[in-house]
Number of protein chains: 2
Amino acid sequence: MVTLAEVAQHAGVSASTVSYVLSGKRSISVTTRQRVERSIRELGYHPNAGARALASSRSNIIALMVPLRTDMYVPVMMEIAIAVATTARTHGYDVLLLTGEEGPDAVRRVSGSGLADGMILMDVELDDERLPLLRETDQPAVLIGLPADTTGLTCVDLDFKATGALCVEHLATLGHRDIAVIGEAPAVYERHTGFAERTLDGLRSRGRELGLRLLHRPCEGGYDAMAVTLSRILDERPGTTGFVVQNESAVEPLLALLRQQGRAVPEDVSVVSICPEQVAVQASVRLTSVAIPAQEMGRHAVEQLVAKLDGRGGDEVVLLAPELTVRASSGPAPAQ
Amino acid sequence: MVTLAEVAQHAGVSASTVSYVLSGKRSISVTTRQRVERSIRELGYHPNAGARALASSRSNIIALMVPLRTDMYVPVMMEIAIAVATTARTHGYDVLLLTGEEGPDAVRRVSGSGLADGMILMDVELDDERLPLLRETDQPAVLIGLPADTTGLTCVDLDFKATGALCVEHLATLGHRDIAVIGEAPAVYERHTGFAERTLDGLRSRGRELGLRLLHRPCEGGYDAMAVTLSRILDERPGTTGFVVQNESAVEPLLALLRQQGRAVPEDVSVVSICPEQVAVQASVRLTSVAIPAQEMGRHAVEQLVAKLDGRGGDEVVLLAPELTVRASSGPAPAQ
DNA sequence: AGAGGATGTCGAAGCGCTTCGACAGCTTTC
DNA sequence: GAAAGCTGTCGAAGCGCTTCGACATCCTCT
C-alpha cells in the first residue's frame, strides 16, 4: 500500500507538501505540484481513508437510512438511493447504507463514531422517533419526507398537497364530478406517513373548492384487493368517472378490472396516477400522472446536506413542485 | 466526543485495557470488564471509526456495488441490497453503496484507500471489466451473478440453468409441447448478462431432452412491446400453449393480452414465470413461478465475504437451488 | 521451597494523514 | 536600503485507536 510519505520521497518533497497539493489548502508552485501529481500517478497512490478521517475529523461519508420495509415504493426508493450515491460522488462523498432495522440507535452510532459526516433519512414519518436524536446530537441531516414538526430540520419532498390539488383540478377541468381516490395500504395511513396524508389534504381541499364529490379508499394493492375496493366504490358511488390512484401496485389491477367491466379508459372513466414515470409509461394504458421525482429528491437532499457540511445554507424545507403529464388515461367526462 | 482515554480514566484503568475489553483479544478480569463497560455506558462512548480503521487497517465496511441502470429487476436489487446491509450489521459491518457509474475505478479507489475491507458486486456480466482489477488487487470480494471465468472468485447466484430446466419440466409434465420463452430485453442479452444466457441454456437443453419445441424471444417489457412479441410468437407457432416468462415487466402485459384474445389462463395456456415472489403473488393471475431468492442471495454473499475476511473458507461458487411454486397460472395442456 | 506457567494489566510505539507555526527567499514600499 | 509583506516549503505535533512486549501477581507443580 502506497503512503503519502512514499509519494513525498518519490517526488523529493515533504509529506506536508503532498498533502497541500491534494487539498489545495495552501498555494504550491506549479512545478512542485506537477512533480507531485506525477508521483501520485506513477505510484498509484490513494489516500488512506481512515487516516484522513482521523486527522481531519471528516470521513467524507454520508449515511443514507432507508426503510427496512419493502412494501411500498421500492423502485422509488432505489432510484433515490442511486441518485444520492451518484450525486454524493460528484461532491467527493461516499454513501453508507443503513437500514431501518437498527432503528434510532443507528443515528447515535453513526454520529458517535464519526463514521459519517451527515445523514439523509428516507421515509420519514410524521412523528419520527429518530428526530429527537437528530436534534440533540445535532447531526447535519436532511430528511426526504416531511415530519409534523420541521423546526431546525432540513427537508426535501415532493409537494404532495399540491400534487393532490393538481390531480383533482385536472379531472375537474375535464368535467368529472364524482371522483374516487385509491390510496396506499391502510398500514401506510396508520403509520402516519406524511405524504399520504398531505396528498389527501390537497385532494380534499381543492376538491371542496371545486365542488367535487370525493371518495377516498385505502387499498392494499394487488389484483384481489383492488377488485374488492373497486366494487365497493362503485356500489357507493355508481356515478364515479374519475380515479386518482396513489399506489403503484393498484394501478394495473385497476385498469384490468375496468377493462373487464367494459368501462373504457379514458372514454368512460379517467384515471390519474401519482407514481414514478416508468410505471405510468409502461402501464397497459399510458397513464396521465404526476411523477414522483425520485432522482431530483435524492439530488436535492445531497446538495442540501453538502451545503450544510460546508457551512453554507441552513434549515430549509424544499418542496418540489409537482408536474402533471397528460397521457392516454384521462379525457372528458362522458355526457350524463 | 468521548474518547477511549476518557473511558479509561473514568474506569481507572489504562487505555489498552479498555481496548482489550472492547475487542476481547486478551483476557480481562470480570471486575475490570464490568467497570469498563459501565464507564462506556455512562459516558456514551462510541469508538472512533477512523482511528480504529487506521490502527487496525480494518474498516469494518463492506462495499456493495449496484448497477447504475435501473432498467431491470429493481425490486430484486433493492431486496438484495437491504439483505446485504442487515446481514452485514449482524456481523459488525456497515455497507458502503457504490453505483456502477464510477466503473472499474471504484474498485481501485476502494481497495487503495482502505475504505472497505471487501466488496460485493451485483449484476456481474459474463466478461465483467471489474474482474481483472479484482484479481490483481486481490480484494476480498464476492460476486452476485456468475461471470464466464470464475477461477479465484467467489460467486453466489440462483442456479439459473436448473431454473430453466425446472420451468420446462413443469410444463412438459402438464403435457405442453410448444413452449414460448419471453426473455429479458435484447440489451440484456447483448450485454451478456450471465443469468439470462444460463436460463436459456437450461430451458433449451432440458427442452431438447424432453422433446419440446421451444421458441425464445427477448422482449422489452411493457404493454406495447409485449403485444408485438406475442403476436409474432403466435404467428410462428400457433400451437403454443406454454409460456415461460423471465421479465417482470412483461408478465402483466402478457396476461392482459392473453385475456383480451380470449385465451384463458390456465385452461388454454399455461404461464410460468421467473420473478420475485411478490410479483407472482400480486399478478392478476397468481403465477406459477420460480422465485428469485433475493434475500438469500444477499445473505449468502455477506456470509461468504465475512468468512473470507476472517480467513475462513476460500473461493467457492454457491448456486442456490431453484424452487418452483405451483399457483394458478399453469395447468394441463388442452386436449388437441 | 523455588522454578515455571498462567493471568491480568500497563506503557509506548505507531498506523497515515492534516495542519500549525516557522522560515528562507523573494518582491514591494517609503 | 532597511522594513514589511508574500510565497512556497518544511518539520513536528497530534488525531484516537490497536497491539506488542514487559511485568507484576498468583497458581501449580515437583
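Convention: sequence-line order gives letters A, B, ...; per-chain numbering from 1. Hydrogens, waters and symmetry mates are skipped; everything else that's a heavy atom, side chains included, is used.
- Put simply, the side chain of A:L309 reaches to within 4.5 Å of the side chain of A:R58, judged on heavy atoms.
- Look at A:T17 and you'll find a side-chain N or O under 4.0 angstrom from OP1 or OP2 of D:dC10.
- Taking 3.5 Å as the limit, the base of C:dC20 and the side chain of A:Y20 contain a donor-acceptor pair of atoms between them.
- Of the residues A:E303, A:H300, A:E316, A:R299, the one that meets the side-chain contact (heavy atoms from CB on, under 4.5 Å) test with A:V156 is A:H300.
- Taking every heavy atom of both residues into account, A:V21 and A:I28 meet most closely at CG2-CG2, 3.9 Å.
- Regarding A:R58, its CZ atom lies at a distance of 16 Å from the P atom of D:dG16, rounded to whole Å.
- Taking 4.0 angstrom as the limit, B:S27 places none of its side-chain polar atoms (N or O) nearer than this to OP1 or OP2 of C:dT7.
- Side-chain atoms of A:R26 come within donor-acceptor range of the base of D:dT9, with a qualifying N/O pair under 3.5 Å.
- With distances taken from any side-chain atom of B:L4 to the nucleotides C:dC17, C:dC10, D:dC17, the minimum falls on D:dC17.
- OP1 or OP2 of C:dT19 sits under 4.0 Å from a side-chain N or O of A:K25.
- The side chain of B:S29 places an N or O atom within less than 4.0 Å of a non-bridging phosphate oxygen (OP1 or OP2) of C:dT9.
- Here the C1' atom of nucleotide C:dC17 and the NE2 atom of A:H46 are 16 Å apart, to the nearest Å.
- Backbone-only contact: B:T32 has heavy atoms under 4.0 Å from sugar-phosphate atoms and none from a base.
- Contact between the side-chain N/O atoms of A:T3 and the OP1/OP2 oxygens of C:dG16 is not found at any separation under 4.0 Å.
- Here D:dC17 presents its P atom at 14 Å from CG of B:N60, a figure rounded to the nearest Å.
- The base of C:dG11 sits with one of its N or O atoms less than 3.5 Å from a complementary donor or acceptor on the side chain of B:S16.
- Between B:R35 and B:L54, the residue anchored closer to the 5' end of DNA chain C is B:R35, taking for each the nucleotide with the nearest heavy atom.
- With D:dT19, D:dG11, C:dT9 as the choices, the nucleotide that has an atom nearest any side-chain atom of B:I28 turns out to be C:dT9.
- Applying the 4.0 Å criterion to OP1 and OP2 of C:dC10, one finds that B:S14 has a side-chain N or O inside that range.
- The pair A:E102-A:R109 meets the salt-bridge criterion, with a side-chain N (NZ, NE, NH1 or NH2) lying under 4.0 Å from an Asp/Glu carboxylate O.
- A heavy-atom distance below 4.5 Å is found between the side chains of A:L153 and A:R135.
- Of the two residues contacting DNA chain C, namely B:A51 and B:V13, the nearest-nucleotide position lying further toward the 5' end is that of B:V13.
- Judged by atom type and distance alone, B:R52 does not reach the base of D:dT18 through any side-chain donor-acceptor pair under 3.5 Å.
- Counting to the nearest Å, the P atom of C:dG16 and the CG atom of A:L22 are 16 Å from each other.
- Closest contact between the side chain of B:N48 and the listed nucleotides D:dG16, C:dC10, D:dG11 involves D:dG16.
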